[in-house]
Undergrad: 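One structure is given below, represented as structure tokens, and several questions about it will come after.
Values below: every heavy atom of this structure, side chains too, minus hydrogens, waters and symmetry copies. Below, read A as the first sequence line, B as the second, and so on, with proteins coming before strands; counting in each chain starts at 1.
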2 protein chains.
Amino acid sequence: MASLKDIADEVGVSVSLVSKVINDKLGTTGARKELIEAIKAKAEELGYKRNFNSIALLAKRQGAIGVFMHRMGAKGASLTEDSLEGMAEAAHNLNLRMMLNFVTEHEDYIQRLEGLHTGMVDGVVLSGVFHMEAIPLLLKLKKEGLHLVSTFSDPIHESIPNTGLVEEDTCYLSTKHLIEQGCKKIATFDTMPLRTKGFRRAMSEAGLEVNEHLVFPMPQMHTGFKSSTARAALIGALEAGHQFDGICAQSDSQAIGVINELISRGIRVPEDVKVTGIDNSAFCEACSVPITSVDQKPTQRGYAAVEMLEQLIEGKQVESNCVKPELIIRQSSVVS
Amino acid sequence: MASLKDIADEVGVSVSLVSKVINDKLGTTGARKELIEAIKAKAEELGYKRNFNSIALLAKRQGAIGVFMHRMGAKGASLTEDSLEGMAEAAHNLNLRMMLNFVTEHEDYIQRLEGLHTGMVDGVVLSGVFHMEAIPLLLKLKKEGLHLVSTFSDPIHESIPNTGLVEEDTCYLSTKHLIEQGCKKIATFDTMPLRTKGFRRAMSEAGLEVNEHLVFPMPQMHTGFKSSTARAALIGALEAGHQFDGICAQSDSQAIGVINELISRGIRVPEDVKVTGIDNSAFCEACSVPITSVDQKPTQRGYAAVEMLEQLIEGKQVESNCVKPELIIRQSSVVS
DNA sequence: CTGAAAGCGCTTACAG
DNA sequence: CTGAAAGCGCTTACAG
């Protein structure tokens with residue numbers, strides 16, 4: 001690894017000059033053409049690479065950010081991957097190195113967060129599953145000078161800017177769409193309160209009454225989003241004799257489980273029952289009936305979160321914002 | 001951010017002593033108990049965090065590795081995510097920071113690789129999609145002192161240790177299983193030569209002849225693994241009147257497409273046709289008929305690759321190795 | 001136009 | 001038992 005000193009020695013000039021030439025910081029005064037060229041040539045020849053450590057040491061700035069990610073979403077939904085993709089892209093464009101901290105076990109969260117040294121990155125974006133109990137620790141890290149940004153549905157603390165999602169709009173959009181397609185008796189899996197709220201809002205705006213038997217109670221956690229859990233709930237409703245012509249699923253996994261169950265019983269999708277999901281995952285295309293779904297914009301939000309963090313590091317004022325989900329219409333909800 | 005000097009000043013000792021106490025490097029001589037305690041207390045009070053930059057500057061070691069990942073696998077297969085999970089876990093256990101370089105566009109690959117400064121990480125694990133044209137650049141980086149390890153199916157260069165997969169075994173295992181379940185006329189999608197080779201080996205070992213009409217030619221690239229491409233190929237074969245009782249798909253996406261098509265034609269899975277996939281993805285559980293599939297062990301391989309890199313950085317000798325895929329049996333291939 | 005010097009935060013012989 | 005000094009690779013006033 002060649003250093004500035006190596007170049008300086010070989011060319012026969014001072015380290016200062018080499019530094020200035022390499023960084024194009026000669027100012028108005030400049031330097032002799034021959035020297036400039038000799039230095040640049042030698043740097044090239046020696047394969048000179050700047051040493052980030054010494055630069056950071058001097059600048060008191062790391063040029064690096066951390067991503068603290070608790071893996072989220074159903075296996076197959078690729079929310080985590082899409083989100084990382086957006087963050088990595090932004091980090092690259094902003095010339096920031098990106099350190100990944102990937103958590104999978106709930107028990108590890110706090111401990112991993114404690115290992116997040118402030119002298120390693122200029123800031124961190126929190127993502128994935130959030131842990132309420134981490135807030136005091138986060139505020140402590142913030143006080144120690146670590147810039148913090150998050151990308152959850154909603155801000156977790158007034159002092160931590162967030163790139164959110166209008167969560168309520170997910171089911172609002174899909175339910176509204178189902179109504180436009182002629183559905184009157186719509187069911188939903190009550191997995192996430194805000195989503196159910198959006199479902200109710202769309203129903204009420206359309207003047208439709210919600211049949212509470214069709215708001216299937218679900219575990220409000222990981223398992224609630226699963227295909228098999230939704231399938232079981234659906235079977236219960238069918239056996240109880242409840243009637244419906246639309247299902248606003250709160251995940252694609254739920255939707256695919258539901259569609260498989262309906263078809264196996266000879267109930268046609270979308271002719272007899274229309275179905276929508278959430279995540280716009282690979283399931284949507286792979287399902288026997290391609291699934292209408294709501295895109296939560298993970299890549300866009302990941303990108304925005306990193307941009308926001310960069311602003312914060314630069315000392316600018318930033319505010320939490322929200323991305324709107326988008327309905328992607330496929331076969332499961334539209335009779336052609 | 002408190003420094004050693006801050007602590008030294010406040011306690012009234014030298015920086016050297018603080019350094020030794022903080023790092024438990026007092027040696028045999030030791031130091032006065034009161035001082036040790038005073039220093040540790042002050043460090044705690046000031047929230048002292050070691051500065052990684054100065055340490056790296058001195059040690060000529062970064063304590064960080066890079067992951068150069070070209071996102072791979074079908075959307076929904078979560079190979080990339082699973083792989084990252086294993087790498088992150090290993091990095092954490094080995095006390096290494098992990099820098100993620102996430103590439104999605106083919107055109108960017110080389111350029112991104114060039115941006116991989118040697119003074120930033122001690123080594124890099126290459127993963128995901130591989131680019132043949134990158135080899136000269138990789139060898140150059142290696143010569144500059146960057147440790148390199150990869151986790152592709154096969155090693156890409158004799159000088160770059162690899163945590164591989166016995167790719168041929170994927171279809172060998174699934175085909176063998178289909179034969180054990182009574183299949184005699186087995187089809188495959190010829191998407192990856194080594195997988196097709198494994199298919200042929202299993203057939204030949206069982207004394208079964210391969211019907212070349214049932215080796216469906218596929219684009220040997222991304223699109224070849226897709227659900228819709230496989231479905232189209234299957235429809236062609238069905239319309240040509242080819243007979244088969246088993247399908248060894250080369251991805252879960254292919255399998256799910258095939259199963260959906262068969263069922264829609266009233267052909268039963270697994271009773272009439274048995275189907276297997278590869279990836280052991282979320283599709284397997286979500287499909288109307290849960291899919292027997294081959295696990296490529298991405299998490300385990302990611303973990304192993306980082307361990308290997310650490311060994312290399314430590315100056316140890318390492319050798320390429322291979323992980324064996326594992327067959328996960330589900331409903332699509334077994335009549336209960 | 002060019003260079004000497006100080007200093008970022010730390011560790012490691014070495015001296016006392 | 002404790003500390004002064006050198007040095008990792010770099011940048012930035014400042015002096016000439």
Undergrad: Who pairs with A:Ile135 by side chain to side chain contact (heavy atoms under 4.5 Å, CB included), at least two apart in sequence or on another chain?
TA: A:Phe130, A:Met132, A:Leu139, A:His157
Undergrad: Please enumerate all residues that pass side chain to side chain contact (heavy atoms under 4.5 Å, CB included) together with A:Lys40, with sequence neighbours excluded.
TA: A:Val21, A:Asp24, A:Ile36
Undergrad: Tell me, do B:Asn321 and B:Thr163 make a side-chain contact under 4.5 Å, heavy atoms counted?
TA: yes
Undergrad: Please work out which residues in residues 33-50 of chain B have a non-hydrogen atom less than 4.0 Å from an atom of DNA chain D and list them by number.
TA: B:Leu35
Undergrad: NA contact type, B:Asn53, heavy-atom cut-off 4.0 Å: base, sugar-phosphate, or nothing?
TA: nothing
Undergrad: So A:Ile55, base contact, sugar-phosphate only, or nothing? Heavy-atom distance under 4.0 Å.
TA: sugar-phosphate
Undergrad: What residues from residues 8-20 of chain A pass a heavy-atom cutoff of under 4.0 Å to DNA chain C?
TA: A:Val13, A:Ser14, A:Ser16, A:Leu17, A:Lys20
Undergrad: Name all pairs fulfilling the salt bridge (Lys or Arg N to Asp or Glu O under 4.0 Å) condition that reach into residues 114-133 of chain A, sequence neighbours left out, sorted by first residue then second.
TA: A:Arg61-A:Asp122
Undergrad: If the threshold is 4.0 Å, N to carboxylate O, is there a salt bridge linking B:Glu89 and A:Arg112?
TA: yes
Undergrad: Could you point out which residue of A:Glu310, A:Met87, A:Gln62 forms a side-chain contact (heavy atoms from CB on, under 4.5 Å) with A:Leu96?
TA: A:Glu310
Undergrad: For A:His106 and A:His131, take the angle between the two ring planes, folded into 0 to 90°, and tell me which bin it lands in: parallel under 30, tilted 30 to 60, perpendicular over 60.
TA: tilted
Undergrad: Can you pull out every ring pair (Phe, Tyr, Trp, His ring centres under 6.0 Å) where at least one residue sits in residues 29-57 of chain B? Sequence neighbours excluded, please.
TA: A:His117-B:Phe52
Undergrad: Applying ring pair (Phe, Tyr, Trp, His ring centres under 6.0 Å) as the test, list every pair that has at least one member in residues 23-45 of chain B; sequence neighbours left out.
TA: none
Undergrad: Judged by each residue's nearest nucleotide on DNA chain D, which is more toward the 5′ side, B:Lys60 or B:Leu26?
TA: B:Leu26
Undergrad: Under 4.0 Å from any heavy atom of chain B: name the first and the last nucleotide of DNA chain C that qualifies, 5' to 3'.
TA: C:dG9 to C:dA13
Undergrad: Just to verify, what does A:Ala2 make a side chain to side chain contact (heavy atoms under 4.5 Å, CB included) with, not counting sequence neighbours?
TA: A:Asp6, A:Leu46
Undergrad: With heavy-atom distances below 4.5 Å as the criterion, would you say the side chains of A:Thr80 and B:Leu84 are in contact?
TA: no
Undergrad: Is there any ring pair (Phe, Tyr, Trp, His ring centres under 6.0 Å) pair reaching into residues 5-39 of chain A, and which pairs are they, with sequence neighbours excluded?
TA: none
Undergrad: For A:Asp9, give me all partners under side chain to side chain contact (heavy atoms under 4.5 Å, CB included), at least two apart in sequence or on another chain.
TA: A:Lys5
Undergrad: Pairs counted only when both distances fall under 3.5 Å, Watson-Crick or G-U: show me the 5' to 3' dot-bracket for DNA chain C, [ ] for pseudoknotted crossings and | for other-strand partners.
TA: |||.||||||||.|||
